[in-house]
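Written out below as structure tokens is the structure these notes cover.
When a ligand or atom number is given, it counts from 1 through the structure's own listing order.
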Amino acid sequence: MCIAADLSLVVPQAVGKWGVLAKAEKEPQMSTIETGVLAESTQMAGELSGQALYDKCWALAKNLWWTWHPEVISIFRDLDPIRWRQLDHNPVALLREFTAERLASRAAEMVLSSRINYAHRRLKEYMANTKTWAATHAGVLGGNPVAYFSAEFGLHESIPIYSGGLGVLSGDHVKSASGLGVNLVGIGLFYDQGYFKQQLDDKGFQKEEYLDTKVENMPIEPALSPEGKPITVRVDTRNGALFAKVWKMQVGRVRLFLLDCDVDGNSPEDRELTSRLYGGDERTRIRQELVLGVGGVKALRALGIHPGVYHLNEGHSAFGPLEVIRERMHDDGLPFDEALRDVATQTVFTTHTPVPAGHDRFGGEMVEEHLGPLRDALGISYDQLMGLGRVEPQNPQEPFCMTVVGLKLSRKANAVSQLHGHISRRMWAQLWPWRVEEEIPIGHITNGVHIPTWLASQMMQLYDRHFVAQWIYRMGEPEVWQAIHNVDPGELWETHNALKNLLLAFVRRRVSRQCRRRGESDETVEAARNVLDPNVLTIGFGRRFATYKRATLLLNDAERLSALVNDKERPVQFVFAGKAHPKDEPGKRFIQTIANLRHDPRFAGKIVYVEDYDMNVCRHMIQGVDVWLNNPRRPLEASGTSGQKTVLNGGLNLSILDGWWAEAYDGTNGFAIGHGKSHHDDAVTDKRDCEFLFKAIEDEVVPMYYDRDVDGLPRQWIKRMMNSISTLAWRFSAHRMVMDYARYSYVPSAGGLSCDMTSK
Ligand SMILES: *Cc1c(COP(=O)(O)O)cnc(C)c1O
């Protein structure tokens with residue numbers, strides 16, 4: 001898995017003492033592709049191999065394995081750098097613009113054949129490899145996979161079926177399951193418009209645009225039944241049936257099945273049911289969740305897949321187990337209670353929401369309309385069904401809560417960080433009134449990130465040079481990462497700075513494009529091309545603009561912020577990005593406040609806002625910043641993962657002791673804001689945290705960053721980067737996370753040796 005440094009892929013922008021190359025995603029000036037060159041210069045053999053190359057490129061594009069292999073990404077980019085960027089890094093869309101002949105001629109021109117052949121062989125070997133971690137540790141899953149349900153999957157920016165953290169987590173989960181060889185299939189929805197693209201108008205206000213995705217440009221194909229037929233599932237409601245077809249996407253070794261309501265048989269309105277992620281009203285939502293949960297289980301059955309474990313990632317899919325119970329009653333003749341007990345032992349539930357209001361809840365009428373026919377089949381009363389979704393089953397005032405039903409239908413439940421575990425046990429304690437809080441059966445498995453997806457190739461090469469051979473197969477092991485302490489500080493610093501320069505180039509390109517689009521003056525566009533300074537301490541903030549994340553916290557004291565930013569000797573600069581939910585007006589005002597700082601002479605060019613935060617923007621940011629800022633109102637950040645991505649690339653976290661950071665920070669591997677306490681009055685908490693934040697930046701971050709030795713190196717800072725990498729990278733990796741799920745949830749649920757997660 002080591003990446004051979006292929007210098008032909010790299011435009012040497014800044015080759016330093018340590019030979020670190022700043023890989024270009026440079027603005028390509030002109031396509032050099034010519035067509036028809038091949039025609040006369042080759043014979044039959046050439047044409048045959050041209051077709052073979054073309055087929056191999058397609059095979060690479062159709063398996064999302066490519067998304068975490070920089071050497072494959074560079075093949076696609078080299079085929080046509082301009083179109084690659086214009087097409088949102090989508091290789092399927094790109095290859096559709098090529099004929100086999102044109103591809104062969106381009107491959108000849110760019111000397112791509114051996115790289116394509118090599119990548120293709122590696123993919124084949126990967127797919128065939130049976131000596132995986134799971135073969136030894138999760139063999140009990142055997143032929144009965146884990147069915148992993150999630151409402152969104154963030155696999156790549158070119159596949160718009162995610163909105164943010166939850167989706168990226170699911171994508172990373174699936175990729176690590178593939179890497180570890182865990183027998184798992186994913187179940188989700190295919191949104192043909194996905195989540196919105198964000199642009200700001202000239203007042204700095206967010207505008208949402210939904211683009212239609214062309215199915216032909218997606219790496220999907222119809223999922224087939226064992227008889228080789230395309231599949232349509234049917235879910236009955238009191239108001240007629242809903243239909244969904246099923247797509248298949250291949251993510252390494254893992255198959256992901258996506259349900260899509262745009263089919264004949266549905267009303268025009270229902271055909272749009274799955275067009276947008278988190279669009280529409282309560283009714284859209286319950287119908288989407290019905291399709292995901294109940295439709296998902298039916299799809300598995302139609303595919304001939306018999307899961308050993310059902311993993312509900314968040315409550316959206318929690319109707320699913322009811323359908324499994326129905327199957328069990330039908331197939332095995334079990335009564336409802338017994339079937340429920342059986343199914344619950346096979347079900348794993350992950351909750352993500354620390355805010356009571358954040359959990360999906362539906363009124364009785366809505367539930368009866370959509371679950372009525374299934375309830376009949378289960379032979380239970382309306383009150384019984386509603387009781388499953390209520391904390392107090394008999395309370396007619398209480399709506400049906402997806403988290404409650406998820407907890408009641410699973411025997412393994414977990415939160416997504418240690419702190420979130422405490423919060424969740426307290427929040428749901430009433431479900432187990434006879435138990436004390438510590439005994440509430442909700443454990444925690446802290447989220448992690450898929451390292452190869454988020455690691456810059458320059459850092460990967462540095463690790464390749466210093467870590468044990470094949471380290472990437474062992475990236476969940478602490479020992480592997482200790483080797484970072486043997487790296488020369490200058491080499492690490494130079495690599496980091498190469499990445500920082502790439503971020504700055506990216507930001508300038510984006511920000512000037514934003515100005516041009518808004519029709520601003522040439523001077524403004526030109527100024528945007530020169531924002532930020534590579535020698536200045538750069539702090540990044542990229543996340544959803546939900547108000548509890550407090551993007552504007554620093555602006556509570558604008559004078560003090562101005563003093564920081566305009567310090568003559570030791571200035572600080574900021575890059576912000578993030579979308580607000582379309583219905584979140586206060587969140588949009590936060591965006592406006594930040595974005596409009598560009599009109600304030602104190603902050604112009606020093607605090608910039610990049611539009612349309614997605615996996616691509618996130619990747620640039622987390623790979624290039626010096627510091628990643630996170631200042632949510634504790635304890636509302638269940639885990640957070642973007643800071644974990646920063647760790648891998650040598651950035652340092654500066655965060656409230658919330659989510660994953662509360663268990664990660666040890667005093668030497670980043671920076672903490674405050675002491676992990678909150679006041680019951682938000683205004684007081686905000687005031688205090690603002691003070692803590694300024695103090696941390698002024699007293700710790702800035703002095704350490706600018707404290708240089710004779711070689712210009714910030715020794716203490718680099719030491720902290722190394723501590724961050726060695727203590728955090730493996731622990732907050734998705735490999736560790738999936739191994740934990742396998743050990744503590746999947747294997748026991750599939751009938752392996754039981755292992756108590758709460759006493760971990
Ligand atoms: C990683 C990632 C997130 C998660 O960020 P947190 O705010 O740390 O939870 C959200 N959106 C995108 C696009 C990401 O890549």
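Listed by number with element, the atoms of ligand 1 under 4.0 Å from a non-hydrogen atom of Asp614 are 13 (C). Close contacts between ligand 1 and Lys549 involve ligand atoms 7 (O) [criterion: under 4.0 Å to a heavy atom]. When each atom of ligand 1 is checked for a heavy atom of Tyr613 under 4.0 Å away, the hits are 11 (N), 12 (C). Listed by number with element, the atoms of ligand 1 under 4.0 Å from a non-hydrogen atom of Trp454 are 15 (O). Proximity to Cys618 (heavy-atom distance under 4.0 Å) selects the following atoms of ligand 1: 14 (C), 15 (O). Of all the atoms in ligand 1, the ones that sit under 4.0 Å from a non-hydrogen atom of Lys645 are 1 (C), 2 (C), 3 (C), 14 (C), 15 (O). Counting atoms of ligand 1 from 1 in the listed order, those under 4.0 Å from a heavy atom of Gly164 are 10 (C), 11 (N). For ligand 1, the atoms sitting less than 4.0 Å from at least one non-hydrogen atom of Ser642 are 5 (O), 6 (P), 7 (O), 8 (O), numbered in the order shown with element in parentheses.
Of the heavy atoms in Thr641, both backbone and side-chain atoms come closer than 4.0 Å to ligand 1.
Scanning all heavy atoms of the two residues, the minimum distance from Phe732 to Arg736 falls at CA-NH2, 4.1 Å.
Within a 6.0 Å radius of CZ in Arg255, no more than 12 heavy atoms belonging to other residues, nucleotides or ligands are found. Heavy atoms from other residues, nucleotides or ligands lying under 6.0 Å from NZ of Lys207 number more than 12.
A salt bridge does not link Glu691 to Lys687: none of the charged nitrogens lies less than 4.0 Å from a carboxylate oxygen. We find that Arg619 and Glu157 are joined by a salt bridge, their nearest charged nitrogen and carboxylate oxygen being less than 4.0 Å apart.
In this structure, the ring of Trp730 has its center no less than 6.0 angstrom from the ring center of His735.
The shortest contact between atom 7 (O) of ligand 1 and any protein heavy atom is with Arg543 NH1, 3.1 Å. Protein heavy atom nearest atom 10 (C) of ligand 1, with residue, atom name and distance: Gly165 N, 3.4 Å.
In terms of polar-atom proximity, defined here as any N/O pair under 3.5 Å, Glu637 makes no such contact with ligand 1.
Between the side chains of Thr538 and Gln573, at least one donor N or O lies within less than 3.5 Å of an accepting N or O.
Note: Trp661 and Tyr665 have tilted aromatic rings, judged against thresholds of 30 and 60 degrees for the angle between ring planes.
Using a 4.0 Å heavy-atom cutoff, Arg544 is absent from the residues neighbouring ligand 1.
Formation of a donor-acceptor pair under 3.5 Å by the Arg83 side chain with backbone atoms of Leu94 is not found in this model.
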